[in-house]
Structures are given as structure tokens and as C-alpha cells.
Amino acid sequence: MDTQRRTDIGPPDFRRFLPPIIKENYGKWKYHEILKPGVMVHVAESGDKLFTVRAGSPRLLGTKRIRKYAELADKYCGGHLRFTSRHNVEFLLTDEKNIDPIIADLAELGHPVGGIGPAISSIVHTQGWVHCHSAATDASGVVKAVMDDLHEYFDGTTKIPGKLRIALACCLNMCGAVHCSDISILGVHRRPPRVQQGLAKVCEIPNVIAACPTAAIRPASVEGTPSVEIDESLCMFCANCFSVCPALPMADALNDGVSLWVGGKVSNARHEPMFSKLAVPFIENDPPRWTEVVQNVRKIVEVWVDGARPHERMGEFIERIGWPKFFKLTGIEFQKEHIDDYRYAGLTFHRSAWVRH
Amino acid sequence: MSETNGKGSATPMLDELEKGEWPSFVTQIKEMAAEKEQCQQLLELLERSYREKIGHWKHGGIVGVHGYGGGVIGRYNDLPEEFPAIAHFHTLRVNMPSGWFYTSDVLRKICDIWDEHGSGLTNMHGSTGDIILLGTTTDELEPTFKALTENDFDLGGSGSDVRTPSACVGPARCEWACYDTLDLCNDLTQTFQDELHRPAFPYKFKFKCSGCPNDCVASIARSDMSIIGTWRDDIRIDQDAVREYAENGVNIERDICGNCPTKCMEWDGHDLEIDNGNCVKCMHCINAMPKALRPGVDTGATILLGAKAPIVQGAQLSSVIVPFMKLEPPYDEIKDLAERIWDFWSENGKNRERVGEIMQRVGMGNFLEAIGVDPIPEMIAYPRENPYVFYEEYYEEEDEEAEQEEEEGAAVP
């Protein structure tokens with residue numbers, strides 16, 4: 001027995017990694033300004049200035065690239081850097097003269113600088129086919145294709161009315177919790193689970209039955225052994241049964257794909273936080289470039305850029321113009337699937353005579 | 001290495017994703033594939049997924065490090081004979097420092113550990129905030145853990161436990177931080193190490209600490225307990241700076257006052273007047289004019305409960321449980337609240353039922369009684385519209401007579 005084994009130590013204290021300028025001005029920042037795309041300055045009560053350069057990243061990073069980040073931090077930032085909640089890397093500079101050189105070095109590495117203020121920030125996303133068992137689509141590939149198309153809104157080449165947050169989750173488990181994003185890209189299954197032989201050997205049948213939110217799973221005897229049967233008419237493809245039981249696979253090349261949701265936000269500014277709402281029910285998986293997904297996302301972004309008032313987020317914009325106009329402007333076909341039919345669906349119906357003609 | 005070396009690329013579809021402006025994850029995997037057979041096989045397996053439009057990873061088995069029930073996600077591919085180097089390819093979730101601050105030295109140390117023990121691939125960071133070490137074999141789990149802990153790192157949460165808490169940049173680099181998000185996040189993480197490493201709850205429990213209502217860590221959408229900074233006194237105004245914004249072209253009437261959700265501000269062309277009693281602390285005016293407006297100085301947080309993604313019963317946003325709480329070390333009040341919630345939830349929760357779901361199932365009123373919190377109007381958007389009320393008691397005629405007698409008896413001196 002190794003008596004030296006350390007456990008339950010938790011993460012290292014963040015204070016060990018703060019640059020001196022932050023230690024000195026901790027909690028004493030006065031204001032900030034965005035100097036140019038991806039660059040901001042925070043000014044402390046003391047007059048000290050801290051410059052932040054934010055760069056986009058693919059989230060999936062090899063150690064070689066992380067070592068490059070470390071080199072840049074050594075070269076320009078006294079060895080200090082941080083990451084953001086949206087997978088960006090931030091370099092923290094005290095010398096304004098280093099801003100342009102570090103941006104040039106980042107460009108050479110292939111990392112665009114941007115994503116601050118009224119801009120599209122990096123897409124928060126999940127593992128997809130790179131590493132997940134329940135993915136209905138890839139994550140990194142769709143994100144790469146969408147950001148290749150939208151980078152002009154990240155790096156400030158094209159100005160936009162406000163913040164635009166895009167997120168992707170490769171199935172309804174939503175490890176990326178995308179349900180409150182301006183645009184969310186969500187992998188969906190459309191084929192009910194297929195019951196595998198010998199299910200009872202790998203899964204607890206009561207757990208499997210309890211996992212279904214619509215009670216579509218019932219106990220059954222298959223060739224004399226205990227198993228389950230699925231009432232396919234009740235399945236809404238959440239894959240929760242698969243999460244508790246690997247013998248109920250749902251992934252299906254012919255039926256899996258991507259849905260698009262719009263108008264969510266988490267910030268409290270102006271409007272309370274909102275869920276994203278369904279814009280496009282289903283787009284087939286089309287690797288490697290997911291062209292139809294990219295085209296639809298761009299169309300939605302452009303409608304918002306053209307029509308939104310300053311500061312107005314996607315959801316506020318759509319609320320102002322109304323959903324019929326959103327569908328008209330984007331050219332997205334409104335279908336039966338857009339109308340909620342799960343719990344309390346009636347709350348989403350249009351319960352007034354307010355109609356624009 | 002690749003079987004098709006010299007015969008064209010083994011990964012034509014993925015190669016396509018090396019083109020374009022945005023940094024490529026394919027390039028990242030390829031950079032590592034030069035040295036790691038695991039990464040080369042990962043590329044080829046992924047190419048196959050792109051061709052077949054289906055994933056090739058199976059459910060996690062039970063793998064982990066000794067004494068912990070979380071922190072490792074078991075991962076196996078379904079074509080182990082063709083892709084033996086990644087037959088098992090497990091993930092370690094490593095608890096990041098609060099606020100994702102690093103030094104170059106500590107990042108290099110993590111890289112050294114992962115080059116030695118795993119694929120060299122990471123996510124910086126995963127959705128919950130952990131450093132994700134992506135892909136190693138079962139045999140390497142314990143040695144990786146040993147190397148990490150020797151360097152003061154520990155695993156994060158997974159499964160039915162406290163998940164790795166996360167925080168916005170907070171007072172380290174933000175003038176709007178209404179409490180010390182980084183310190184609270186670190187303190188909660190350290191206080192609840194047992195709950196984080198040894199799953200004993202009905203399902204996961206997430207804390208997220210945002211310093212102001214802009215909610216940069218999306219706590220209201222993504223955490224069971226959302227801790228969102230706010231203030232109780234007046235917005236601090238520098239009228240000269242407001243006028244400077246106006247002179248520089250900000251349309252204060254339209255873009256500031258016009259966007260105020262409670263219309264609590266007025267601009268007469270010289271001064272900006274705020275009716276602070278009606279301000280809901282949305283942050284819009286402060287966001288738009290950071291040099292002129294700042295949150296007040298009587299700061300703390302609003303505590304909200306119950307956000308989650310759709311699984312099982314549908315997605316939810318968190319809702320208010322405590323409108324204002326002061327948050328200062330040792331943070332006993334919020335820890336005590338969390339523990340009361342866990343007690344009730346652990347006792348009564350169904351398998352895979354989140355806190356937000358049990359609140360719905362038992363009813364918010366009953367939930368409040370169980371955790372010892374009084375109902376207040378700040379908790380609701382509006383009172384119930386439906387008249388089906390579950391009254392729990394009613395009187396019998398005898399009760400009334402007894403009561404009357406008691407009252408009469410009491411009236412006689």
C-alpha cells in the first residue's frame with residue numbers, strides 16, 4: 001500500500017497563478033474599454049492597466065499547441081494566461097506595446113483574435129464522434145465548418161448589433177447545455193431504440209422503464225427471457241433509456257442529424273434569460289462540411305444583423321418582430337414539428353389576437 | 001502509422017477540415033499523431049465515422065482511480081480489433097483552478113504528465129469547466145492520477161456527485177464582480193471534496209458562480225445552484241462620464257433608457273436619473289456605459305435553484321430561492337442551504353432526478369417547507385392561475401366547537 005497516495009486535495013488555489021498586476025488590483029478594477037476586436041483594457045482604481053487579448057481555439061488541443069500558448073505567455077505576459085468559459089484563450093498583458101506582436105504570433109499559429117463585445121464568440125460544444133457514445137452528429141467538425149463561415153463576425157471584420165452566442169450539443173443530453181443560446185445546434189436522433197438481445201444481462205429492467213419520460217417502455221418477454229418492448233408512437237428520441245442501458249442503441253446513420261434553435265440567452269440584460277426555440281427541426285448529417293447547417297446558420301445571423309437594433313440579442317429581436325416574420329425573413333419553412341406537443345405545450349400557443357398583417 | 005502512407009491520405013474528409021480560417025481540431029490531432037499511434041488511430045476511426053455518419057464509441061464501463069467514484073469517463077471503441085491502440089480510450093476530468101488561470105510552468109507540467117501517460121489530446125476546457133485529458137488506457141489511470149496529485153491537481157466530478165464548480169473571472173479582472181466568485185468557487189470545491197469524488201446523490205449537482213447578472217458562466221441555465229452576484233443599494237453614477245458617452249454619440253434616450261426593462265431611468269440631456277428602487281439589476285445600462293455606471297457597494301448574490309438540460313423531464317432555468325445573500329468567508333449560509341437541499345433530495349429523489357425536477361414533482365411549496373425556507377413573492381413570476389390547490393388540512397365540526405369553547409373559556413376571567 002502506497003502511503004504517499006494523495007487524495008481529496010482539490011484543485012490548486014487559483015491565487016498561485018494570478019499575475020502580479022491582478023494580485024495588486026484584485027477587486028479594485030474601475031472600468032474597461034474594448035480597444036479593438038478581441039482586445040480590451042481594464043483600468044484599476046490605482047490607474048494600473050491590464051490588457052487582454054482573446055483568441056479563438058478549437059477546444060480540442062494537443063499538448064504541442066498548449067506548449068505554444070505557454071511560450072507566448074512567457075514571451076509577452078510574464079508567464080500568465082487564462083481560458084474563458086467559451087474555450088477561448090486569453091493573454092494578459094501589462095505592456096500595450098505587446099498587443100500587436102502577440103496578435104501577429106497568434107495569427108501565425110492560426111488563432112484569430114476576437115470574440116469580445118458585440119461579436120460572435122467561440123462556439124461552446126461537446127465531443128461528438130471524436131469521443132462520445134451517444135452523439136447524433138459530430139461536434140468539432142460542425143463547429144469548424146460554421147466558424148469558417150462566420151469568422152468575419154468573430155474577428156470584427158463585420159460589425160454586428162450585439163452579442164451572438166452559438167452552442168452545439170451532439171445529442172439531447174446537452175453536455176453543452178445549449179438550450180439558452182442565440183443559436184443552438186443540436187444533434188437529434190429520429191429512430192426509436194432497437195432492443196438488443198440479452199438486454200437483461202447488461203441493464204436493470206426497472207431502471208430502463210423508469211428512464212422513459214413518456215412511459216413508452218414496457219416489460220416484455222422476448223423468446224422466453226425478460227426484456228422490454230418500445231411503444232414507438234410514444235418515443236420522442238430523448239435517448240435517456242440508452243443513457244441507462246447500452247442495449248438500446250439509437251444512433252442511426254440514416255435518421256440522425258442536426259436541428260437548429262434560436263433566441264435563447266442567459267444574461268439578464270434588458271430581457272430576462274430565455275430558452276432557445278426551434279427554428280429548423282432537422283438537417284441531415286453531411287460531413288465533412290455540413291453545408292446546409294452552415295447555410296441556415298448564416299441566413300439566421302444575416303437576418304438578425306440586418307434587422308436588430310443596437311444591443312438587441314436574437315431572442316429580443318424575434319420577440320419584437322414576431323415569429324411569423326422571423327420565418328418569412330429567413331425563408332425557413334414552418335412545420336408541424338415547430339409546435340410543441342410535450343408538457344404544458346399550450347403555454348407556447350399564441351394566446352391573444354395580436355397579429356401583424 | 002497510417003496504412004495508406006504513400007498511397008494518398010487515409011483521412012480525406014478530415015483533411016478538408018484543415019482548410020478555412022478557423023483553427024482546426026484535425027490539425028491538433030494530426031500534430032499529436034506524428035508521435036502517438038493512439039492519435040493516428042483516432043483520426044482514422046473519426047474518418048470512418050465521417051464516412052458512415054455514425055459514432056464508434058461505446059458506453060463507459062466502470063473504470064476509475066482507487067477510492068474515487070467519479071472523475072474518469074470510461075470509453076471503448078466498437079472496432080477494437082481494427083483500432084487496438086484506442087480500444088480503451090478513457091477521459092480524465094481534472095479540476096481546473098478557479099477562473100481558469102494558469103502559469104506557463106503549470107501548463108507545461110500538465111502537458112508533461114499527459115504526454116507520458118496519455119494521448120496528449122485535451123479539451124481546454126470541457127463544458128463543466130474541467131481540464132479534459134482525452135484518451136488513455138485503463139492501466140495508465142492510476143499513474144496519471146498519482147502524477148497529477150503530486151503536482152497539486154485532483155480529479156473533477158462525474159456521475160451522481162457534486163460536479164466541478166466553476167466561476168467567472170470575477171474580481172481578478174472585472175469591475176462588476178459583486179462577490180469573490182473565484183474564492184467562493186475554490187472554497188465550495190475544497191469543502192465538498194467528498195461529495196465531489198464519491199457519488200452518493202440521486203444525480204449530478206452543479207454549482208456555478210457568476211459575479212453579476214450578466215452571468216458569464218451561464219449559471220442560470222447550467223447549474224443546480226446558480227449564484228449570481230447583485231447589489232441592494234444604488235448604481236454608482238459618474239455624470240461627467242455619462243455626458244462624455246453622449247458627446248461621443250451614444251443615444252442615451254433610445255439605447256440606454258429605452259432598453260431599461262423597468263423604465264426606471266430618465267435622461268434630460270445633462271443628468272441621468274435612476275429610480276434605484278425600481279431597478280432590477282439587469283446590467284444593461286452598466287454594460288453599455290462601463291466608465292459612467294457601476295454596481296452599488298452593498299453587494300452579494302441572488303441564489304437560484306434547479307437549472308438543467310432536458311434529460312429526464314425537460315430543460316429548466318433556475319428560479320429564485322434567496323433574493324439576496326451576503327457572501328463572505330467562511331460562506332456558512334450558502335453551504336448550509338446546499339446541505340439542507342441535499343438532505344431532502346438524497347432522501348426523496350428518484351434515480352437520475354435533478355434538484356429542479358424534484359422541486360417540480362413534490363411542488364415548490366412542499367420543497368421549501370422541507371428545506372426550511374419561507375415562501376416569498378420574489379420566487380415566482382406570478383401567483384398560480386389554476387385553482388386546484390392541494391390544501392393539506394381541513395376542519396371537522398367538532399374542531400370548530402372545541403375551538404369555540406376554548407375561545408369562550410379564554411374570554412371568561
Side-chain angles (χ1 to χ4, degrees), chain A residues 6-12 14 17-18 22 26-27 29-32 42 58-64 66-67 70 73-74 79 81-83 85 110-111 129 132-133 135 140-141 144 147-148 151 172-177 179-180 213 240 246 251 253 266-270 273 285 287-288 310, chain B residues 13 16-17 20-23 25 28 31-32 49-50 53-55 57-59 95 97-104 107-108 111 114-115 120-124 127 149 152 154 171-173 175 182 189-190 193 213-215 217-218 220-222 255 259 282-284 290-291 309-312 315:
Chain A
R6 300 177 80 194
T7 67
D8 299 87
I9 57 173
F14 64 96
F17 308 128
L18 299 177
I22 285 184
Y26 195 87
W29 298 102
K30 196 171 172 196
Y31 68 91
H32 75 277
H42 282 81
R59 183 179 102 128
L60 198 169
L61 293 169
T63 50
K64 284 184 185 171
I66 298 173
R67 290 177 199 275
D74 284 340
L81 75 166
R82 72 176 291 265
F83 293 82
S85 59
H111 291 274
W129 291 333
C132 186
H133 66 291
S140 310
K144 163 76 176 146
M147 284 310 284
D148 276 347
H151 69 92
L172 271 63
N173 271 324
M174 282 198 199
C175 299
H179 53 287
C180 296
N240 195 42
V266 295
S267 135
N268 285 271
R270 299 172 305 283
N285 276 323
Chain B
M13 291 180 99
E16 170 59 31
L17 288 174
E21 298 283 334
W22 195 250
F25 71 103
Q28 290 303 302
E31 271 184 22
M32 301 311 298
S49 286
Y50 270 51
K53 302 185 187 183
I54 201 154
W57 295 101
K58 295 201 292 184
H59 256 266
N95 199 327
S98 289
W100 301 284
F101 281 96
Y102 298 94
T103 56
S104 50
L107 272 186
R108 275 190 282 262
C111 292
W114 195 227
D115 283 342
L121 297 177
T122 76
N123 294 144
M124 299 296 278
S127 294
T149 52
D152 302 330
D154 198 346
R173 199 205 50 199
E175 65 270 28
L182 302 176
T189 310
Q190 293 293 353
Q193 280 291 294
N214 283 326
D215 199 0
V217 286
I220 201 163
R222 305 181 59 169
D255 293 338
N259 274 319
C282 89
M283 289 299 291
H284 171 72
K291 278 170 110 167
I311 302 297
V312 178

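Keep in mind the model is a prediction, meaning the values are calculated, not measured. Within every chain, numbering begins at 1; the chains are lettered A, B, ... in the order of the sequence lines, protein sequences first and strands thereafter.
Heavy-atom pairs under 4.5 Å with chain B were tallied for A/Ala269, A/Gly27, A/Gly110, A/Pro273; the largest tally goes to A/Ala269. Each of A/Leu61, A/Val266, A/Asp8, A/Ile66 has some count of heavy-atom pairs under 4.5 Å with chain B, and the biggest count is that of A/Asp8. Comparing A/Leu81, A/Thr7, A/Leu18, A/Asn173 by heavy-atom pairs within less than 4.5 Å of chain B, the highest count is held by A/Leu81. Heavy-atom pairs under 4.5 Å with chain B were tallied for A/Ser140, A/Cys175, A/Pro213; the largest tally goes to A/Ser140. Chosen from A/Met174, A/His111, A/His42, the residue pairing most often with chain B at heavy-atom distances under 4.5 Å is A/His42. In terms of heavy-atom pairs under 4.5 Å with chain A, the best-connected choice from B/Met124, B/Lys58, B/Met283 is B/Met124. Of the residues considered (B/Leu121, B/Thr103, B/Asp255, B/Asn214), B/Thr103 shows the highest number of contacts with chain A, using heavy-atom pairs under 4.5 Å. With chain A as partner, the option from B/Ser104, B/Pro290, B/Gly20 having the largest number of non-hydrogen pairs under 4.5 angstrom is B/Ser104. Here B/Ile311 is the residue among B/Val217, B/Ile311, B/Asp215 with the most heavy-atom pairs under 4.5 Å with chain A.
Among residues two or more places apart in sequence or in another chain, the side-chain contact (heavy atoms from CB on, under 4.5 Å) test is passed with A/Leu172 by A/Leu186, A/Val188, A/Cys238. Take B/Lys53 and apply the side-chain contact (heavy atoms from CB on, under 4.5 Å) test, not counting sequence neighbours, and it matches A/Trp129, A/Ala253, A/Asn285, A/Pro287.
In this structure, A/Arg6 pairs ionically with B/Asp152, as a charged nitrogen and a carboxylate oxygen lie closer than 4.0 Å.
With a threshold of 4.5 angstrom between heavy atoms, B/Gln190 approaches chain A through side-chain atoms but not through N, CA, C or O. For B/Ile220, the part sitting under 4.5 Å from any heavy atom of chain A is the side chain, from C-beta outward, and nothing else. Residue A/His32 touches chain B through both its backbone and its side chain, counting heavy-atom pairs closer than 4.5 Å. Contacts between B/Ser98 and chain A at a heavy-atom distance below 4.5 Å involve backbone atoms as well as side-chain atoms.
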Subject >> Steps toward side chain to side chain contact (heavy atoms under 4.5 Å, CB included) verdict (B/Thr189, B/Asn95) >> reply: CA-CA 9 Å; B/Thr189 310; B/Asn95 199 327; 3.1 Å; yes

**OP:** Quick one: do B/Tyr102 and A/Phe83 satisfy ring pair (Phe, Tyr, Trp, His ring centres under 6.0 Å)? Show the steps, please.
**Re:** CA-CA 8 Å; B/Tyr102 298 94; A/Phe83 293 82; 5.8 Å; yes

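Between atom CZ of residue A/Arg59 and atom CD of residue B/Gln28 there is a gap of 13.0 Å, rounded to the nearest 0.5 Å. Rounded to the nearest 0.5 angstrom, A/Asn268 CG and B/His284 NE2 are separated by 13.5 Å.
B/Arg222 contributes a side-chain N or O that, together with a main-chain N or O of B/Ser127, makes up a donor-acceptor pair within less than 3.5 Å.
For the residue pair A/Arg67 / A/Thr63, no side-chain donor-acceptor distance below 3.5 Å is found, with atom types taken as modelled.
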